[in-house]
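Below, read A as the first sequence line, B as the second, and so on, with proteins coming before strands; counting in each chain starts at 1.
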Amino acid sequence: MKEINKLSMVYLLCDCNNFFVSCEKIFRPDLKNRPVAVLSNNDGIVVSRSNETKNLGIAMGSPVFKIQDKINRYKIETFSSNFSLYLNISNRVMLCLESFCQDIEVYSVDEAFLCYRNITEAEAIKTAKKIRACVLKQIGITVGIGVATSKTLAKLANHYAKINSYTGGIFSALSDDKRQKILIESPLKEIWGIGPSSEEKLTNEGFKTAYSLSKADPEVMRKKYNINLSRTINELNGIDCIESIVDSDCQNQIMWSRSFKNRLTKIDDIYEALANYVSCACEKLRSLELYAKKMALFIRTSYFGNAKKYSNEIAICLEYPCSDTRVFASAAKILLDRIFVDGYEYAKAGIILYEFTDSRTFQSDLFNKAPNQSELNKNNNLMNAVDKINKDNKDTIYLGALHSLTKVENKKKDKINKDHFSKRYTASFDELPEVF
DNA sequence: TCTGGGGTCCTAGGACCC
DNA sequence: TCTGGGGTCCTAGGACCC
């Protein structure tokens, strides 16, 4: 007899609550029940909030200078973002999730889809409860879990669980009545894949909720909008049509960019910053054992304020792909010279490496544009040695563009602001938490 | 004074070819 | 002077995500 009530595919979307803030709270039990916020690079805006901070009306993305008085008045504890800590905690959470399910798609630093085949709703919910308890006990992080037959519905169910405390952090949209319930209660903007632009267009067409959108004809909407919207409509109806979101082996680009703490006006200062970004991006490129053939570079003034605005981007294609910091740094110099215009106050710059090939299988070409194999090996060995030395002792070796500095770290502090930096509790032995 | 950073995917349109 | 149409490839820009 065919087993009844077994579902061919069920997704459990596990999402860590207030992730960055939760990471900081693990090592600071004194912050329990207190308002906490994690700030972006440069301590510019709020990127993660504890529930207490949310209740004070601090919005995601609030510029810090606009809420400074609230921070003081309510004694909101603020942290500069500490990515090495968050990545480390993230890895621990993912390891814990993997102990429950082999078929897992890590979607971002704080969420993952667990894919189960041929299970019942009761089994799915029982598993979700175990997972939630386990992550909390082992790592000290609270996860919300949405359960559904499509990823888009699992995201909605997860959001529903988060904002309705009666759910205990878990909501299943597997049954028709529950699915209908979350569709009716979810506004368009909560749907995964519907951003501000689509929301506006769809609202103008008379769609109000996820439910009304789910009743639209996917084919008609595909012609009118695009293929993604027709997929979303199918997904809202529980039809699984987003195959895999994880493309782990083939990242297509590496970007490195930062806003400057202070506006920069001189080309030399901007080049110095860019050389630094090139150095970081190339180090990442080498760690992935990739070569890049193209690099784009951009500079821009601030979007805000009354100062004159300027923004430009330019790309270069190398004669042969490589991962040599010196090659990309020279290219950056040429590109910056082309687009830099005197007289502006620059707020941000960045570089993007793309068109990758596998450095392990790269062959020197027939037309001798690329260095021969022994030269390539020599360059690779040099760069790998630099990486190894820097790994043990950061910034021991750096680019000629930074030679004018006595200490790179000191100079960096001039440009990037991190006034509220927490310790790297899990990533550095010098900063392990102490137990009294 | 101070407004993040790092990604992916889709589409329209230009360039080029026959 | 007349100025096709279809295919492919590339790129810029828009939209979205966390």
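Taking 4.0 angstrom as the limit, A/K294 places a side-chain polar atom (N or O) nearer than this to OP1 or OP2 of C/dT11. At least one side-chain nitrogen or oxygen of A/N252 sits closer than 4.0 Å to the OP1 or OP2 atom of B/dC9. The side chain of A/R263 contributes an N or O atom lying less than 4.0 Å from OP1 or OP2 of B/dC2. Here A/R231 reaches the OP1 or OP2 of B/dC10: one of its side-chain N or O atoms lies under 4.0 Å away. Checking the phosphate oxygens (OP1, OP2) of B/dG5, a side-chain nitrogen or oxygen of A/S259 falls inside 4.0 Å. In this structure, A/K284 reaches the B/dG7 phosphate: one of its side-chain N or O atoms is under 4.0 Å from OP1 or OP2. Not one side-chain nitrogen or oxygen of A/K155 sits closer than 4.0 Å to the OP1 or OP2 atom of C/dC17. Note on A/S40: every side-chain N or O is 4.0 Å or more away from OP1 and OP2 of B/dT3.
A/I191 comes within 4.0 angstrom of sugar-phosphate atoms only, judged by non-hydrogen atoms across all strands, and of no base.
Residue-to-nucleotide proximity on DNA chain B shows that, of A/G44 and A/S257, the 5′-proximal contact is made by A/G44.
When the nucleotides C/dC18, B/dG6, B/dC2 are ranked by their closest atom to the side chain of A/Y107, C/dC18 comes out on top. Here the nucleotide nearest the side chain of A/S198, chosen from C/dC18, B/dG7, C/dA15, is C/dA15. The listed nucleotides are C/dC17, B/dG5, C/dC16; the one nearest the side chain of A/S197 is C/dC16. Set against B/dG7, B/dG5, B/dT11, the side chain of A/N226 has B/dT11 as its closest nucleotide. Of the candidates B/dG6, B/dT3, B/dG7, the closest approach to any side-chain atom of A/Q253 belongs to B/dG7. Set against C/dC18, C/dA15, B/dG5, the side chain of A/E111 has C/dC18 as its closest nucleotide.
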Steps toward side chain to side chain donor-acceptor pair (under 3.5 Å) verdict (A/E185, A/Y211): CA-CA 8 Å; A/E185 293 188 28; A/Y211 183 77; over 6 Å; no
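Taking atom CG of residue A/L156 and atom P of nucleotide C/dC17, one finds them 11 Å apart after rounding to whole Å. Whole-Å rounding puts the A/N41 CG to B/dC2 P distance at 17 Å. Atom CG of A/N276 is separated from atom P of B/dG5 by 14 Å (rounded to the nearest Å). Residue A/E345 contributes atom CD, which lies 14 Å from atom C1' of B/dC2 at whole-angstrom precision. Nucleotide B/dG4 holds its C1' atom 11 Å from the OH atom of A/Y303, rounded to whole Å. Regarding A/L39, its CG atom lies at a distance of 14 Å from the C1' atom of B/dG5, rounded to whole Å. The separation between A/I194 atom CD1 and B/dC9 atom C1' is 15 Å, rounded to whole Å. Atom NZ in A/K348 sits roughly 6 Å away from atom C1' in B/dG4 (whole-Å rounding).
Summarising the base pairing, B/dC9 is matched to C/dG14 through a Watson-Crick or G-U wobble pair whose two defining distances lie under 3.5 Å.
A heavy-atom distance below 4.5 Å is not found between the side chains of A/S108 and A/V106. Side-chain contact between A/C322 and A/F328 is present, with heavy atoms from C-beta onward closer than 4.5 Å.
In this structure, A/K151 forms a cation-pi arrangement with A/F113, its terminal cationic atom sitting closer than 6.0 Å to the ring centre and no more than 45° off the ring axis. Judged by the 6.0 Å and 45° rule, A/K308 forms a cation-pi pair with A/Y344.
With P as the reference atom, C/dG4 and B/dG14 are 16 Å apart, rounded to whole Å.
Salt bridge annotation for A/E52-A/K25: present, with a cationic side-chain nitrogen under 4.0 angstrom from a carboxylate oxygen.
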